[in-house]
Amino acid sequence: MGIKEQIRGFIDKIFNPPITFLDMAIDKLRAVGQITAQGLNIGKYLAIFGDMPTAWQLVISSALMSVVILGSLLIFRSVMRLYYSLKEGVKWW
């Protein structure tokens with residue numbers, strides 16, 4: 001065995017654990033990507049409300065829609081507040 005192979009073997013011994021850890025992390029991230037690519041079926045979670053009368057179903061769907069609208073308005077407000085603070089901080093506008 002030559003000196004070149006011994007140096008290569010020594011370097012492989014040093015870097016093999018991090019490389020195997022990174023390979024395992026890549027495999028796990030690919031598996032997560034495959035799971036999330038399937039999408040989320042919200043109907044499964046809201047199926048328990050299907051047994052309620054129509055009026056109650058409308059109340060629940062209205063409440064969920066209002067939560068979504070209020071959440072999007074809060075996000076919009078936060079983004080605009082950040083925009084105005086950046087605009088005020090730069091002073092070149």
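These numbers were taken from a predicted model, which means no experiment stands behind them. These values consider heavy atoms only, across backbone and side chains, with no hydrogens, waters or symmetry-generated copies.
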Result of checking I7, I14, D12 against F10 for side chain to side chain contact (heavy atoms under 4.5 Å, CB included):
I14
Are I19 and I11 linked, directly or through other ILVMFWY residues, by side chains that come within less than 4.5 angstrom of each other?
yes
Rounded to the nearest 0.5 Å, what's the gap from CG on L82 to CG on L86? Could you check?
4.5 Å
Same cluster for F15 and M24 if Ile/Leu/Val/Met/Phe/Trp/Tyr side chains link at under 4.5 Å?
no
Find out whether V59 and M52 are in side-chain contact, i.e. whether some heavy atom of one side chain is under 4.5 Å from a heavy atom of the other.
no
So how far is it from K13 NZ to R8 CZ, rounded to the nearest 0.5 Å?
15.0 Å
Give, for atom CG of L70 and atom CZ of R77, the distance between the pair rounded to the nearest 0.5 Å.
10.5 Å
Shared ILVMFWY cluster between Y45 and W56, side chains joined below 4.5 angstrom?
yes
Can you tell me how far the CD1 atom of I48 sits from the CD1 atom of I60, to the nearest 0.5 Å?
8.0 Å
Starting at OG of S85, measure out to CE of M80 and round the result to the nearest 0.5 Å.
10.5 Å
Are V68 and L64 close enough that some pair of their side-chain heavy atoms sits under 4.5 Å apart?
no
